[in-house]
Amino acid sequence: MTQASHDWWRNAVIYQVYIRSFADGTGDGEGDIAGLRNRLPYLHDLGVDALWINPWYPSPLNDGGYDVADFRDIDPRFGDLSQAKALLDEAHGLGLRILLDIVPNHSSWDHEWFKQALAAEPGSPERARYIFRDGRGPNGDEPPNNWRSVFGGSAWERITEPDGSPGQWYFHIFDVSQPDFDWSNPEVRAEFLDILRFWFDLGVDGFRIDVAHGMVKDMTKPDIPYDESGLLDRPKIADHPFFDRDGVHEIYRGWRELADSYDPPRLYVAEAWVEPPERLARYVRDDELHSAFNFDYLKAAWSASDLRRSIDESVTVLASVGAPATWVLENHDVERVVTRYGREVTAAGEGSSRIADGPVDERLGRHRARAAGLLMLALPGGAYIYQGQELGLPEVLDLPEDALQDPVWERSGRTRRGRDGCRVPLPWTIDGPSYGFGSDGSWLPQPDGWGALSVEAAEADPGSMLHLYRTALRMRRDIPAAEPVDWIQVDNPDVLAFRRGTGFVCVVNLGAQPVALPDHRQVLLLSGELTEDGMLPTDTTAWLAT
Ligand code: NOJ
């Protein structure tokens, strides 16, 4: 392979497959590898470069598979290793690369190591793979400190010792069923290098790293203030005891060496909710991870000034370490963009579940989502598309309470509904059982009328979001990848206009009034129609050839 093809990721569009909700090939109501294999031609035709598949490992699915019971196998609900191999071969045959999701911060409580830890004595090597501590108070019946779980409640859970007595406490940043590993233990480090090797040897092209800013902790830190509404105020706590600690970078240097020892080299993408962008850049230094999701951009409000600020900051800060920017509007943890941009208030919030509240105008949201899609795909660097984003699926806000599966719902004392609303199984057909998702129902209920947003309906409508994404992804290949964003001066603060090289211009009107298009030879693509007199209306993006 040439050097350039090793750098494919610098400009790649990566499609996120939330496997449980993508396509059900076995008819049990849950998506799986069989379903994904059937739909590979759809993804190839869409024009993406790679897929990132959310965790498919054996798991009780208490946190959608981010609670892994065995890192070297596949949950029978999703398939098996031979099917995974077939998927890799078929995807590669279509020119699609495959990234998996590695979850190094924690395991499931069903993991063999955790079972061994529970059966062993305090102070044993089995306990030392996780973070066990004695409790506070005379009988040790208070947690070792006041640290909170990201999903709500204490980050500590007490166990019963093998002899039946009340015992030690273990630490979990997320759900109680997700005990954190102790990354100061060399055995844990060696184990994960071996897990990476296992999948790389199978032919996997890279990994998205879950909670890449976790893993390394300073358990000697004292109690910290927290916000009762739920999340720890992560970035605002300086020297946070369990997020974004400097020690994590040494781990990634070792991981990078491993990835580079393969031909072709393998890739890592960091999921790191850190601020400010300078902290994120540290993860993508040239001997660490390759790229990182740009959550600053995801959280930006639908406003010209905020988007421009985020674009400029991201590009500049990442360029300082030689890394490309990435652009992301959706994933399985945040509200769908049609809904988010359909709210009056689009202001940013935290990274988990809802970003804002207030009534939603889906028609408006979809209109803006089209414009946002074209803006994102016109920017230099990599881009991510979350399954269903190309169909304009909204967040399902009214899932019945008894259907909710996200642990956030219970752990927040039923105050936060969690992230199920963006995980509702995809509609593939206008009618039929589970709208073509599978042959028999779907693990989360799909709303009535979901079929109107299906792939089948979108195929038949030349003006659909799907056709827009397909065309944009095709045309994007002609935008000179190496050309940076070169802002065009327009005397309207609500308009974003930039050039990439000499021949391509992108203009977005975020203001209330239509605006004239800059000089151009040809309109290449529009997210919505021009006015009768050829002006660019509100919330509309144009790609122009100049
Ligand atoms: C981030 C993942 O995207 C999210 O879905 C999960 O709940 C947490 N990490 C914990 O693994």
Side-chain angles (χ1 to χ4, degrees), residues 14 16-22 31 52-69 71 75 99-111 114 130-131 148-153 155 171-181 183 192 195 207-215 217 230-232 234-235 242-244 248 268-274 280 283 289 292-295 298-299 326 328-336 350-355 384 386-387 395 404-412 416-424 444:
I14 301 181
Q16 180 188 351
V17 175
Y18 193 77
I19 189 156
R20 200 178 180 193
S21 300
F22 186 69
W52 147 37
I53 304 172
N54 286 101
W56 59 8
Y57 314 103
S59 166
L61 298 185
N62 285 335
D63 181 23
Y66 284 93
D67 45 328
V68 180
F71 289 92
D75 195 289
L99 309 185
L100 300 185
D101 207 321
I102 185 91
V103 190
N105 181 69
H106 46 267
S107 72
S108 161
W109 60 12
D110 283 358
H111 193 285
F114 194 69
Y130 293 90
I131 303 174
R148 310 290 288 176
S149 150
V150 166
F151 291 163
F171 181 67
H172 59 93
I173 296 184
F174 296 94
D175 188 47
V176 60
S177 63
Q178 294 168 294
D180 280 41
F181 286 116
W183 273 85
F192 270 90
I195 292 164
F207 277 98
R208 173 260 192 196
I209 302 167
D210 188 62
V211 208
H213 56 313
M215 296 145 84
K217 284 128 198 164
L231 298 179
L232 274 166
R234 290 170 278 195
F242 52 87
F243 284 129
D244 196 23
V248 80
Y268 299 115
V269 182
E271 186 227 17
W273 294 87
V274 300
L280 188 64
Y283 289 76
L289 308 176
F293 297 106
N294 185 348
F295 293 127
L298 181 148
K299 293 193 291 178
T326 64
V328 52
L329 293 169
E330 291 192 11
N331 66 30
H332 64 293
D333 290 329
V334 299
E335 194 172 67
R336 292 260 190 200
E350 67 221 1
S352 172
S353 69
R354 294 276 280 280
I355 289 197
Y384 289 84
Y386 174 49
Q387 67 181 41
E395 185 84 2
L404 296 179
Q405 308 238 351
D406 188 344
V408 166
W409 172 238
E410 291 299 343
R411 287 199 67 85
S412 67
R416 291 188 288 142
R417 290 172 66 88
R419 302 157 294 176
D420 293 312
C422 64
R423 301 174 177 180
V424 174
L444 276 176

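For ligands, and for the atoms within them, numbers begin at 1 and follow the listed sequence. Counting begins at 1 with the first residue of the sequence.
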Next item on the list: Name the option, out of F293, F174, Y18, that contains the heavy atom nearest to atom 8 (C) of ligand 1.
Entry: F174
Next item on the list: State the atoms of ligand 1, each with its element, that fall below the 4.0 Å cut-off from a heavy-atom position in V211.
Entry: 9 (N)
Item checked: F71 versus S107, closest heavy-atom pair with distance -> CE1-CB, 4.1 Å
Margin query: Could you report the tightest heavy-atom contact between I173 and N105, atom names first, then the distance?
Written below: CD1-ND2, 3.9 Å
Notebook entry, point to check: Which atoms from ligand 1 have a heavy atom of R419 less than 4.0 Å away?
Noted result: 4 (C), 5 (O), 6 (C), 7 (O)
Notebook entry, point to check: In this structure, which one of N331, D333, L280 forms a side-chain contact (heavy atoms from CB on, under 4.5 Å) with F295?
Noted result: N331
Checklist line | Contact with ligand 1 for R423, non-hydrogen, under 4.0 angstrom | finding: yes
Notebook entry, point to check: Short list, please: which atoms of ligand 1 are under 4.0 Å from a heavy atom of H106?
Noted result: 10 (C), 11 (O)
Checklist line | S108 (side chain) donor-acceptor with S59 (main chain) under 3.5 angstrom | finding: no
Notebook entry, point to check: Looking at atom 2 (C) of ligand 1, what's its closest protein heavy atom, distance included?
Noted result: D210 OD1, 3.1 Å
Notebook entry, point to check: Which ligand 1 atoms are under 4.0 Å away from a heavy-atom of F151?
Noted result: 7 (O)
Next item on the list: Determine yes or no for a side-chain-to-main-chain donor-acceptor pair under 3.5 angstrom, with Q178 supplying the side chain and Y66 the backbone.
Entry: yes
Checklist line | Electrostatic pair D63:R419 at N-O distance under 4.0 angstrom | finding: yes
Notebook entry, point to check: For atom 5 (O) of ligand 1, what is the nearest protein heavy atom, given as residue, atom name and distance?
Noted result: D333 OD1, 2.7 Å
Note to self: Between F243 and W273, is the ring centroid distance below 6.0 Å?
What the structure shows: no
Next item on the list: With heavy atoms under 4.0 Å as the rule, classify the contact between H172 and ligand 1 as side chain, backbone, both or neither.
Entry: neither
Notebook entry, point to check: Counting each atom of ligand 1 from 1 as listed, which ones have a heavy atom of R208 under 4.0 Å away?
Noted result: 2 (C), 3 (O)
Check: Can you tell if the side chain of E330 reaches within under 4.5 Å of the side chain of C422, non-hydrogen atoms only?
Finding: no
Notebook entry, point to check: Considering V408, D63, N54, which one's heavy-atom position lies nearest to atom 10 (C) of ligand 1?
Noted result: D63
